[in-house]
Amino acid sequence: MTEAAIIDGKAFAARLRQTIAADVAGLKAEHGLTPGLAVVLVGEDPASQVYVRSKGEQTLEAGMHSETHRLPAETSQAELLALVERLNSDPAVHGVLVQFPVPDHISQAAVVAAISPDKDVDGLTVANAGRLASGLPALTPCTPTGCMMLLRDQLGTLSGKRAVVIGRSNLMGKPMAQLLLAADCTVTIAHSRTHDLPAVVREADIVVAAVGRAQMVKADWVKPGAVVIDVGINRIPKDDGKTRLVGDVAFDEVKAVASAITPVPGGVGPMTIACLLANTVLAAKRLNGIGE
Ligand code: NAP
């Protein structure tokens, strides 16, 4: 068997951002509409600062309106919810994203509930999760949406494929499973209580690993020819005392079995912000009654 094709999420995301920029230019020219994304960061978590900066930069590069609200860690929940409320009613803003994690004294669920479902570009509100599960138009979470684009690009139709999603978080596993189901896959969701996980994964034509455990999925878990999407981001120590990023899949061994696989880094990761921009454009169109 030949080695797996390496799915280049970085290149795919760059092409997607170009398409989005062209779409934005058209919206400006034809409708005088500039899609806008507001990102809110509470506190100084270093990883969150990097994500928020990238989101702002890529939003501007796509020709969109970008605003970043940096609030001190001691901001009260009431103050944060008041800002979200203001952004919900700001006509220049079509997407509202609060970067998680928020400090412990703020309820993440309360923040999500405060975001207008029409501007919920992270797809986390109960309204959007329910719409996705009901087969209604929704704003869907960015990372699973990006995984679906990579899968469609690789496989064409997904209809009838057996898919196993490892992980059942609201952010990743559950919406991923719903999107695969909507694409007519036969879907299994596995999690920490699943019995004989390797045997479950071996059934799959499509494996999506969203666990957060370094290199957990081994070659003998994977059916020859399966497509493997690795969502995990884990840091492991290197010999020189530094760290390196790895996914939830043992990439070097699984690539000898799979037909295609996403690397970490450079696979799923770059798709997330590109899909955030796509969701913001979609939200802007829907809020302004512009057909897709
Ligand atoms: P999470 O909320 O911690 O969920 C992890 C899931 O994995 C849970 O459903 C858990 O099962 C399951 N799990 C844990 N240990 C397991 C085991 N030994 N066997 C089978 N299932 C197990 O994590 P998440 O937010 O979904 O993220 C998952 C990974 O994706 C993380 O590495 C995260 O950094 C990464 N991620 C990347 C991106 C991106 O690329 N942009 C975006 C989002 C997430 P239980 O429910 O039973 O506990």
Side-chain angles (χ1 to χ4, degrees), residues 7 9-10 13 41 43 45-52 54-55 97-104 108-109 111-112 122-124 129 140-151 163-180 187-202 204 206-222 226-238 242-255 258 261-276:
I7 299 173
K10 201 172 167 194
L41 173 63
D45 177 70
S48 294
Q49 304 232 30
V50 174
Y51 290 138
V52 165
S54 302
K55 285 169 186 173
L97 184 152
V98 178
Q99 184 70 39
F100 292 134
V102 284
D104 288 346
Q108 184 165 316
V111 173
V112 169
D122 247 350
L124 291 178
T140 58
C142 302
T143 307
T145 303
C147 292
M148 289 300 289
M149 289 182 187
L150 295 178
L151 280 168
V164 171
V165 179
I166 320 174
R168 57 173 165 179
S169 67
N170 288 339
L171 179 68
M172 190 51 227
K174 283 183 199 155
M176 185 75 225
Q178 291 291 354
L179 288 165
L180 288 162
V187 184
T188 301
I189 308 177
H191 46 77
S192 68
R193 309 297 169 90
T194 298
H195 288 188
D196 199 356
L197 182 58
V200 172
V201 175
R202 266 193 295 274
I206 294 168
V207 180
V208 181
V211 186
R213 289 187 186 260
Q215 300 169 319
M216 184 182 85
V217 176
K218 307 295 183 203
D220 64 358
W221 297 26
V222 175
V227 175
V228 178
I229 303 290
D230 189 352
V231 182
I233 303 176
N234 311 285
R235 263 187 198 285
I236 60 168
K238 289 197 296 185
K242 295 185 179 158
T243 59
R244 71 183 177 103
L245 283 186
V246 296
D248 293 339
V249 176
F251 180 83
D252 289 336
E253 53 179 90
V254 171
K255 77 176 194 291
I261 185 169
T262 57
V264 177
V268 172
M271 294 298 291
T272 300
I273 298 184
C275 288
L276 175 66

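For the numbers below, each heavy atom of this structure counts, side chains included, while hydrogens, waters and symmetry mates do not.
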About how many Å separate [atom2] of [Y] and [atom1] of [X], when rounded to the nearest 0.5 Å?
X: Met271; Y: Thr145; atom1: CE; atom2: OG1; answer: 9.0 Å
X: Leu276; Y: Ser54; atom1: CG; atom2: OG; answer: 11.0 Å
X: Leu197; Y: His191; atom1: CG; atom2: NE2; answer: 10.0 Å
X: Leu124; Y: Thr140; atom1: CG; atom2: OG1; answer: 10.5 Å

Nearest heavy-atom neighbours spanning [X] and [Y]:
X: Leu180; Y: Ala163; answer: CD1-CB, 3.8 Å
X: Val254; Y: Lys218; answer: CG2-C, 3.7 Å
X: Gly167; Y: Ile189; answer: O-CG2, 3.6 Å
X: Cys142; Y: Thr272; answer: CB-O, 3.5 Å
X: Val249; Y: Asp230; answer: N-OD2, 3.1 Å
X: Ile236; Y: Ala214; answer: CG2-CB, 3.7 Å

Would you mind reporting whether [Y] and [X] have side-chain heavy atoms less than 4.5 Å apart?
X: Thr143; Y: Cys275; result: no
X: Ile7; Y: Ile229; result: yes
X: Phe251; Y: Ile261; result: yes
X: Phe100; Y: Leu171; result: no

How would you list, by chain and number, every residue that makes a side-chain hydrogen bond (donor to acceptor under 3.5 Å, both in side chains) with [X], sequence neighbours excluded?
X: Thr194; result: none
X: Asp248; result: Asn234
X: Arg213; result: none
X: Lys174; result: Asn170

Partners passing side chain to side chain contact (heavy atoms under 4.5 Å, CB included) against [X] (at least two apart in sequence or in another chain):
X: Ala129; value: none
X: Pro198; value: Asp196, Arg202, Trp221
X: Pro144; value: Pro141, Met172, Pro175, Met176, Leu179
X: Gln99; value: Leu41, Ser48, Tyr51, Val52, Lys55, Leu97

| said: Suppose we screen for salt bridge (charged side-chain N to carboxylate O under 4.0 Å, His left out). Which residues come up paired with Lys242, at least two apart in sequence or across chains? | reply: none
